[in-house]
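Numbered from 1 within each chain, the chains take letters A, B, ... in sequence-line order.
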Amino acid sequence: MSDSNPRNFIEEIIEEDLRSGRFTEVHTRFPPEPNGYLHIGHAKAICLNFGIAEKYKGKCNLRFDDTNPEAEDMEYVEAIKRDIRWLGFDWEDREYYASDYFEQLYEFAVKLIKKGKAYVDDSTPEEINAMRGTPTRPGIESPYRNRSVEENLDLFERMRKGEFEEGARVLRAKIDMASPNMHLRDPIMYRIKKVPHFRAGDKWCIYPMYDFAHGQSDAIEHITHSLCSLEFRHHRPLYEWFIRELELFPSRQIEFARLNLSYTVMSKRRLKRLVEEGYVSGWDDPRMPTLSGMRRRGYPPAAIRDFADRVGIARRDNVIELSLLEFCVREELNRTTPRIMAVLRPLKVVITNYPEGQVEHMEIINNPEDESMGTRTMPFSRELYIEQTDFMEDAPKKFFRLKPGGMVRLKSAYIIRCDEVIKDENGKVVELRCTYFPESRSGQDTSGLKVKGTIHWVSAAHAVPAEVRLYDRLFSDPAPDQHEERDFTEFINPDSLEVLDPVWIEPSVQGAQPGQAFQFLRMGYFCVDPDSTPDKLVFNRTATLKDTWAKVNKSK
RNA sequence: AGACCCAUGGUGUAACGGCAGCACAGCGGAUUUUGGUUCCGUUAGUCCAGGUUCGAAUCCUGGUGGGUCUACCA
């Protein structure tokens with residue numbers, strides 16, 4: 001394993017640590033705070049941590065950093081666990097909570113007080129902020145900084161007992177008010193919050209700060225490599241200070257750049273606003289970059305894992321193009337989904353020389369990429385629907401589809417010719433009268449006819465109606481949250497959702513279950529939405545197909 | 001302003017002092033009963049200036065540009 005190829009700088013460090021003997025095994029962790037839903041950025045961290053554990057035959061813990069009872073909730077814990085499992089990772093019995101360490105953390109704090117390295121500060125939040133100084137100016141020491149160990153011990157115990165008001169006192173580490181690193185200027189370790197904790201109940205009214213919990217939690221779990229995002233670089237010296245003073249297991253923290261995706265926002269705060277202000281239907285709205293949203297959208301977990309793999313790990317800020325994610329999704333779906341025919345915007349076609357009442361059952365391949373997926377049949381009859389965009393009255397020469405007098409192949413069926421265009425009083429094309437060539441039947445074509453285009457269709461009498469939700473990017477700006485003067489919600493794409501109802505789908509779709517994915521031939525990948533009922537299927541468009549014709553058209 | 005981090009095609013990521021490669025995107029072509037897939041080809045890059053060296057994307061110095069830090073959030 002140490003001779004395998006490191007795939008990024010973190011694996012290089014790990015392999016060096018293994019070689020040098022700094023660590024003899026690899027143990028990582030994924031440490032979410034249960035106050036929001038996981039998004040694609042978390043997926044990168046999950047794949048990294050679980051992936052490294054797997055590669056180096058180690059373990060990866062799931063640990064909830066639940067040190068702030070005001071924001072956290074069991075609902076989020078469940079959602080997070082569901083998403084990680086869905087992504088395909090297993091933490092086995094290693095499900096931990098920082099809140100389970102509260103007693104130990106308290107003892108750690110007492111130890112620091114006894115060493116003269118922590119003190120109770122009675123200053124107000126405003127005073128503490130004022131005394132902290134600025135990056136260019138050193139802070140000044142609190143008047144309470146040199147209390148005796150005994151007094152600190154007494155005060156801290158009484159903080160725990162609830163004798164003081166919320167915000168009245170904090171426990172601080174005694175480090176260095178002049179440090180250029182703000183996190184070393186006597187950081188707060190404990191604050192009073194008279195709020196019950198979703199797991200610990202009302203056992204505590206003081207809660208450790210993240211900075212006093214995270215590193216020690218890693219140490220308690222013997223995490224060898226603690227991978228986190230760049231902004232924690234400045235916290236590292238503080239974690240190391242705590243670990244040194246407390247004489248705990250020295251995990252090695254390595255920072256890497258978090259994932260940014262174009263045309264979306266990723267911060268929990270902004271995602272929450274999208275939900276709470278009603279821009280989307282919920283955390284699992286298919287336009288959200290959350291894992292629950294992507295699941296509902298129909299993105300396969302394998303595609304997300306592949307994506308996490310391809311974006312790489314480095315230390316520089318990055319913005320990944322949405323097209324890479326879409327590529328991964330299409331690649332996976334192309335391999336795995338059965339094709340069916342669905343007409344999204346129907347145009348009626350009557351085949352005038354096809355006997356009324358006759359029905360033929362055409363055999364169709366389910367997936368040309370995978371023969372083992374077999375075939376199905378689809379009814380063919382005199383009246384059909386085709387896609388409105390597959391007919392043009394004044395077609396350019398490069399248009400391979402149906403036009404007046406032109407011919408086209410109906411996929412897996414016959415070649416037809418358009419004889420007559422029927423319009424309504426507004427001049428809108430409402431029906432096509434065509435003739436078919438009986439000897440051109442798919443698979444046994446003896447007609448000798450050659451056509452350039454093949455289009456999809458459904459039999460009007462047999463097709464089943466459904467609702468389809470077409471999604472586009474949620475924002476029309478590549479970096480909606482990077483504008484100084486403008487709120488990101490100003491860049492919401494007004495056309496991010498279009499509902500089509502009814503669309504007509506071949507009858508074999510009946511009985512499809514929520515989550516089931518298909519390629520609607522020539523139209524894109526779609527999956528069944530949980531909003532579906534036994535009477536009516538609802539589909540989400542997961543992704544379009546690449547459309548070089550649309551591109552050609554647009555460039556004109 | 002200070003400390004710290006970062007800088008390779010449009011985007012992302014390789015290179016460990018020795019031919020700047022890969023992927024996505026773009027462009028062109030072949031195949032195709034999905035204008036899909038597949039295949040082939042192709043455009044495009046080391047932030048700047050010095051220094052070390054036979055040789056620098058890589059090491060050093062200085063600049064420039066970007067990011068992070070000044071919550072009783074995580």
> For atom C1', what is the distance between B:C48 and B:A7, given to the nearest Å?
12 Å
> Looking at A:R409 and A:D445, does any basic side-chain N land under 4.0 Å from a carboxylate oxygen?
yes
> Figure out the CZ/C1' separation between A:F9 and B:U58, and round it to whole Å.
17 Å
> Could you write out RNA chain B as dot-bracket? Rules: Watson-Crick or G-U wobble, both distances under 3.5 Å, brackets [ ] for crossings, | for pairs with another strand, dot for unpaired.
.((((((..((((....[..)))).(((((.......)))))....(((((..]....))))))))))).....
> Separation of A:D176 atom CG from B:A3 atom C1', in whole Å?
13 Å
> Could you say whether A:F400 or A:I313 is positioned toward the 5' end of RNA chain B, judged by the nucleotide with the nearest heavy atom to each?
A:I313
> Thinking salt bridges, do A:K55 and A:E11 make one under a 4.0 Å N-O criterion?
yes
> Can you list, by residue number, the residues of residues 257-268 of chain A that have a non-hydrogen atom closer than 4.0 angstrom to RNA chain B?
none
> Between A:N318 and A:Q482, just flag the one whose closest nucleotide in RNA chain B comes earlier from the 5' side.
A:N318
> Hey, can you pull the residues of residues 360-374 of chain A with a non-hydrogen atom under 4.0 angstrom from RNA chain B?
A:P368, A:E369
> Which pairs, with at least one residue in residues 179-193 of chain A and sequence neighbours excluded, count as a side-chain hydrogen bond (donor to acceptor under 3.5 Å, both in side chains)?
A:E70-A:K193, A:Y119-A:D186, A:R145-A:D186
> Quick one: ring pair (Phe, Tyr, Trp, His ring centres under 6.0 Å) partners of A:F198, sequence neighbours excluded?
none
> Does anything in residues 310-323 of chain A pair up under salt bridge (Lys or Arg N to Asp or Glu O under 4.0 Å), and if so which pairs, sequence neighbours excluded?
A:D306-A:R310, A:R310-A:E331
> Is there a donor on the side chain of A:R233 or the base of B:U68 sitting less than 3.5 Å from an acceptor on the other?
no
> Can a donor-acceptor pair under 3.5 Å be found between the side-chain atoms of A:S412 and the base atoms of B:U33?
no
> Only distances under 3.5 Å count here; give the side-chain donor-acceptor pairs of residues 35-48 of chain A to other protein atoms, sequence neighbours excluded, each with its distance to 0.1 Å.
residue	atom	partner	partner atom	Å
A:N35	OD1	A:K268	NZ	2.6
A:N35	ND2	A:E33	OE1	2.9
A:Y37	OH	A:E75	OE2	2.7
A:H39	ND1	A:G41	N	2.9
A:H39	ND1	A:H42	N	3.4
A:H39	NE2	A:M266	O	3.1
A:H42	ND1	A:H39	N	2.9
A:K44	NZ	A:A257	O	2.7

> Are A:T548 and B:G36 close enough that a side-chain N or O sits under 4.0 Å from OP1 or OP2?
yes
> Atom CZ of A:F391 to atom P of B:G35: distance rounded to whole Å?
18 Å
> Taking only side-chain N and O atoms of A:R316, does any of them lie within less than 4.0 angstrom of OP1 or OP2 on B:U8?
yes
> Any idea which heavy atoms bring A:P338 and A:M373 closest together, and the distance?
N-CE, 3.6 Å
> Give the rounded distance in Å between these two atoms: CG of A:L449 and C1' of B:U33.
13 Å
> Run the salt-bridge test on A:R236 and A:E255 with the 4.0 Å N-O cut-off and return the result as yes or no.
yes
> Taking the basic N atoms (NZ, or NE/NH1/NH2) and the acidic carboxylate oxygens, is any pair closer than 4.0 Å for A:R258 and A:E231?
yes
> How far does the C1' atom of B:C54 sit from the matching atom of B:G41, given to the nearest Å?
38 Å
> Which atom pairs link the protein and nucleotides 69-73 of chain B when you take only N or O atoms and keep those under 3.5 Å?
residue	atom	partner	partner atom	Å
B:C69	O2'	A:H183	NE2	3.3
B:C72	OP1	A:N129	OD1	3.3
B:C72	OP2	A:R132	NH1	3.3
B:C72	OP2	A:R132	NH2	2.9
B:C72	N3	A:G167	O	3.4
B:C72	N4	A:S123	O	3.3
B:C72	N4	A:P125	N	3.4
B:C72	N4	A:G167	O	2.9
B:C73	OP2	A:R191	NE	3.0
B:C73	OP2	A:R191	NH2	2.7
B:C73	OP2	A:K193	NZ	3.2
B:C73	O3'	A:R191	NH2	3.1
B:C73	O2'	A:N68	ND2	3.0

> Rounded to whole Å, please give me the gap between CG in A:L238 and P in B:A74.
13 Å
> Taking salt bridge (charged side-chain N to carboxylate O under 4.0 Å, His left out) as the test, write out the residues that go with A:E326, two or more places apart.
none
> Could you tell me how far B:G9 sits from B:C69 if I compare only their P atoms? Round to whole Å.
26 Å
> Provide the distance between the two P atoms, one in B:U8 and one in B:A57, to the nearest whole Å.
15 Å
> If you check the A:I320 side chain, which of B:G12, B:U34, B:U33 turns out closest?
B:G12
> Output yes when A:R199 and A:E72 qualify as a salt bridge under the 4.0 Å nitrogen-oxygen rule, no when they do not.
no
> I'd like the P distance from B:C60 over to B:C6, given in whole Å.
11 Å
> Quote, to the nearest angstrom, the P distance that separates B:A14 from B:U70.
28 Å
> When every nucleotide of nucleotides 18-28 of chain B is labelled 5' to 3' by its protein contacts under 4.0 Å (heavy atoms), B for base, S for sugar-phosphate only, - for none, what sequence of letters results?
-----SSSSS-
> Any salt bridge linking A:R19 with A:E16? Criterion: basic side-chain nitrogen under 4.0 Å from a carboxylate oxygen.
yes
> Check the distance between B:A74's P and A:Y207's OH and give it to me in whole angstrom.
12 Å
> Which value, in whole Å, describes the distance between the P atoms of nucleotides B:A20 and B:G62?
29 Å
> Between the side chains of A:S447 and A:E439, does any donor sit under 3.5 Å from an acceptor?
no
> Taking atom types as they are modelled, would you say the side chain of A:R409 forms a donor-acceptor pair with the base of B:U33 within the 3.5 Å cutoff?
yes
> I'd like to know if A:D472 pairs up with A:R541 as an ion pair, taking the criterion as any Lys NZ or Arg NE/NH1/NH2 lying under 4.0 Å from an Asp or Glu carboxylate oxygen.
no
> Taking only residues two or more places apart in sequence or in another chain, which ones pass salt bridge (charged side-chain N to carboxylate O under 4.0 Å, His left out) with A:D370?
none
> Just how far, in rounded Å, is C1' of B:U34 from NE2 of A:H456?
9 Å
> Do you know which two heavy atoms are closest between A:N152 and A:A118, and how far apart they sit?
ND2-O, 3.6 Å
> Please give, in whole Å, the distance from B:G36 P to A:Q519 CD?
11 Å
> Scan A:Y525 against the nucleic acid and name what it touches under 4.0 Å (heavy atoms): base, sugar-phosphate only, or nothing.
nothing
> Using a 4.0 Å heavy-atom cut-off, does A:G443 contact any base of the nucleic acid, only the sugar-phosphate backbone, or nothing at all?
base
> Using 4.0 Å as the upper bound for N to carboxylate O, is an ion pair formed by A:R147 and A:D121?
no
> Once salt bridge (charged side-chain N to carboxylate O under 4.0 Å, His left out) is applied, do any residues pair with A:D477, and if so which ones, sequence neighbours excluded?
none
> Using the C1' atoms only, state how far B:A44 lies from B:G50, rounded to an integer number of Å.
29 Å
